[in-house]
2 protein chains.
Amino acid sequence: MTAEPALTPGERLPLSRERVLRTAVAIADEDGIEAVTMRRVGDELGAEAMSLYHHVANKNDLLDGVVDLVAEEINDVVDGLDTSGPWQPVVRARILAARQVLLRHRWAPGLLATRSTLSPNVVTYHDRLVGLLHSGGFTYDLAHHALHALGSRALGFSQELFDPGAGASAGPLPAELAAAVPSLVAMLSEVAHDDPDSTLGWCDDQTEFEFGLDLLLDGLDRRRTLS
Amino acid sequence: MTAEPALTPGERLPLSRERVLRTAVAIADEDGIEAVTMRRVGDELGAEAMSLYHHVANKNDLLDGVVDLVAEEINDVVDGLDTSGPWQPVVRARILAARQVLLRHRWAPGLLATRSTLSPNVVTYHDRLVGLLHSGGFTYDLAHHALHALGSRALGFSQELFDPGAGASAGPLPAELAAAVPSLVAMLSEVAHDDPDSTLGWCDDQTEFEFGLDLLLDGLDRRRTLS
DNA sequence: ACCTGAACACCGTTCAAGT
DNA sequence: ACCTGAACACCGTTCAAGT
């Protein structure tokens with residue numbers, strides 16, 4: 001994708017940490033994160049798996065680098081946003097922009113969640129967010145609570161454990177299962193009735209994300225004006 | 001732990017799906033979820049890894065079963081709670097009780113997040129939650145939004161991508177890194193000053209969980225009274 | 001029917017050897 | 001210095017064979 005210096009046939013670009021990480025991201029985008037193996041990354045670069053170890057310490061380090069690369073992409077996007085005006089629409093727009101980047105890398109949220117060592121670019125992202133909150137009237141104490149309350153939502157995603165819509169799109173439930181979860185059945189039928197268009201996947205992820213986000217941002221603003 | 005029929009020495013309890021799953025939970029509690037391999041579970045039961053395949057379809061099925069077992073433990077606990085009175089303290093107590101169960105299985109949240117097939121007991125848990133919300137005055141539409149807004153918090157945990165306290169407990173930051181994240185440094189120093197006792201791990205997970213939970217529950221109650 | 005041993009395909013990774 | 005081939009330890013899983 002990026003321009004490369006011309007090479008005589010048979011010649012190969014030297015490996016580098018950067019190329020290794022970008023290749024890993026490309027593989028994950030194409031075939032999912034589980035397709036990212038040392039052998040596959042090597043193959044894709046025309047090298048042996050073992051050659052990668054000169055540029056990343058091990059697979060864990062590679063995945064840390066991949067996460068950091070995605071976070072860098074997020075920072076590049078959100079750094080260009082307008083930060084003037086009241087804090088709430090500014091923070092809201094920032095988080096929704098981060099979300100757009102993650103939607104280009106569907107595997108990223110799951111990977112983010114498993115990393116133990118923290119990515120410098122993820123830290124930087126949160127630093128800027130705290131800056132916006134503070135200059136928007138938050139005490140640092142409230143900004144701190146806000147980071148925890150937002151959790152992964154600060155970066156634009158929320159881990160859904162249970163998608164109520166999964167059952168709906170799979171058609172009517174077996175009678176015995178329906179009897180076991182009467183409230184969900186009642187909820188499903190009413191919501192489906194309200195919105196008959198969305199027959200499949202009637203939970204709109206974006207709408208639900210924004211609902212939850214606004215719930216939190218509204219609540220935080222209320223606490224801000226109380227302090 | 002549970003009473004077993006007496007066996008003559010050398011005799012062995014027959015395997016069963018239940019015993020396989022309970023053994024897997026015990027291993028995860030002891031040594032973490034990554035220690036749960038087919039070979040290890042077999043060993044622990046005095047059987048070969050391959051024998052497990054007569055009771056679980058494959059490792060994925062085993063992990064699904066493990067998740068469902070934990071969710072069953074949660075349901076057993078929350079079903080005993082008092083549900084009289086206003087919805088908010090009832091739901092709050094229910095979620096915090098679920099959280100207590102998950103704190104006994106630290107690996108469970110991470111596993112929950114990776115499962116694609118949904119556990120019957122997780123579905124049941126959410127069914128009861130919707131029931132409480134509805135009888136507490138929620139429309140089914142709002143209850144539906146509430147499930148998405150709560151996300152993993154409904155079950156008592158929140159995936160933290162970034163623990164601001166991790167840096168604090170690791171001692172003072174290197175100067176160049178501190179300069180790169182000025183807002184976090186300012187936040188850290190102010191919050192640490194407010195609460196000088198908690199020198200290590202100054203983010204109280206339980207306090208932060210409850211702060212975020214109450215933010216959401218308060219917001220939901222406000223929308224409830226508006227509708 | 002339930003369980004087993006050997007084997008297979010696939011990992012991440014080590015290491016000595018090449019250039 | 002960077003890269004490689006063979007090898008090792010560990011997975012999940014298949015399969016034919018035992019009882």
Side-chain angles (χ1 to χ4, degrees), chain A residues 4-5 7-28 30-68 107 110-111 114-117, chain B residues 4-5 7-28 30-68 107 110-111 114-117:
Chain A
E4 307 282 15
L7 295 175
T8 61
E11 202 180 352
R12 237 180 30 205
L13 268 177
L15 295 180
S16 69
R17 181 178 173 89
E18 166 107 14
R19 289 193 71 216
V20 169
L21 298 183
R22 294 209 180 277
T23 302
V25 169
I27 295 169
E30 196 122 347
D31 296 324
I33 191 66
E34 76 285 353
V36 177
T37 66
M38 300 301 273
R39 282 168 174 84
R40 171 77 185 276
V41 175
D43 271 3
E44 216 81 31
L45 287 164
E48 299 298 312
M50 301 71 201
S51 306
L52 306 179
Y53 285 86
H54 293 278
H55 304 96
V56 295
N58 49 40
K59 181 155 187 198
N60 209 50
D61 181 41
L62 183 149
L63 293 179
D64 284 342
V66 162
V67 162
D68 199 49
W107 45 269
L111 187 62
T114 64
R115 298 292 85 197
S116 53
T117 57
Chain B
E4 308 282 16
L7 296 175
T8 61
E11 205 181 348
R12 237 180 29 205
L13 268 177
L15 295 180
S16 69
R17 181 177 173 90
E18 165 108 13
R19 290 193 70 215
V20 168
L21 299 182
R22 294 209 179 278
T23 301
V25 169
I27 293 169
E30 195 122 348
D31 295 327
I33 191 65
E34 76 285 352
V36 177
T37 66
M38 300 301 271
R39 283 168 173 84
R40 171 76 185 276
V41 174
D43 271 2
E44 216 80 33
L45 287 163
E48 299 296 313
M50 300 73 201
S51 305
L52 305 180
Y53 285 86
H54 292 277
H55 303 97
V56 295
N58 49 41
K59 180 153 188 199
N60 209 50
D61 181 42
L62 184 149
L63 293 179
D64 282 343
V66 163
V67 161
D68 199 49
W107 45 270
L111 188 61
T114 64
R115 297 293 86 197
S116 52
T117 56

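The chains referred to below are lettered A, B, ... by the order of the sequence lines, with proteins before strands, and numbering in each begins at 1.
- Checking D:dT4, C:dC3, C:dG5 against every side-chain atom of B:L15, the shortest atom distance belongs to C:dC3.
- The pair A:D68-A:R115 fails the salt-bridge criterion, with no side-chain N (NZ, NE, NH1 or NH2) lying under 4.0 Å from an Asp/Glu carboxylate O.
- Across all strands shown, C:dA6 is found opposite D:dT14 as a Watson-Crick or G-U wobble partner, with both distances under 3.5 Å.
- Inter-residue side-chain proximity for B:D61 and B:R17 is flagged as met; some heavy-atom pair is nearer than 4.5 Å.
- The CD-C1' distance, from B:E48 to C:dT4, rounds to 6 Å in whole Å.
- One interatomic measurement links the two molecules: CG of B:N60 to P of D:dG12, which rounds to 12 Å at whole-angstrom precision.
- Using a 4.0 Å heavy-atom cutoff across all strands shown, A:S51 reaches at least one base atom of the nucleic acid.
- Summarising the geometry, the separation between CG on B:D61 and P on D:dT13 is reported as 10 Å, rounded to the nearest angstrom.
- The B:H54 side chain lies nearest to C:dC2 when the options are C:dC2, D:dT4, C:dT13.
- If you check every strand for non-hydrogen atoms under 4.0 Å, B:M38 touches sugar and phosphate atoms only.
- Closest to the side chain of B:R39, from the set D:dC11, C:dA6, D:dA7, is D:dC11.
- When the side-chain nitrogen and oxygen atoms of A:Y53 are compared with OP1 and OP2 of C:dT14, none of them lie within a distance under 4.0 Å.
- Nearest to the side chain of A:A47, among C:dG12, D:dT4, D:dT13, sits D:dT4.
- Atom CG in B:L52 sits about 12 Å away from atom C1' in D:dT13, given to the nearest Å.
- The closest side-chain heavy-atom distance from A:D64 to A:V56 is not below 4.5 Å.
- As rounded to whole Å, 12 Å separates atom P of D:dG12 from atom CD of B:E34.
- A sub-4.0 Å separation between OP1 or OP2 of C:dC3 and a side-chain N or O of B:H55 is present.
- Judged purely by atom type and a 3.5 angstrom limit, B:R40 has no side-chain atom pairing as donor or acceptor with the backbone of B:A24.
- Here the C1' atom of nucleotide C:dT13 and the CG atom of A:L62 are 14 Å apart, to the nearest Å.
- Here the nucleotide nearest the side chain of A:T37, chosen from C:dT13, C:dA7, C:dC11, is C:dC11.
- D:dA16 atom C1' lies 14 Å from atom CE of B:M50, rounded to whole Å.
- B:T114 is not listed as a side-chain neighbour of B:L63, based on a closest heavy-atom distance of 4.5 Å or more.
- Considering only the side chain of B:K59, D:dT13 comes nearest among C:dT4, D:dT4, D:dT13.
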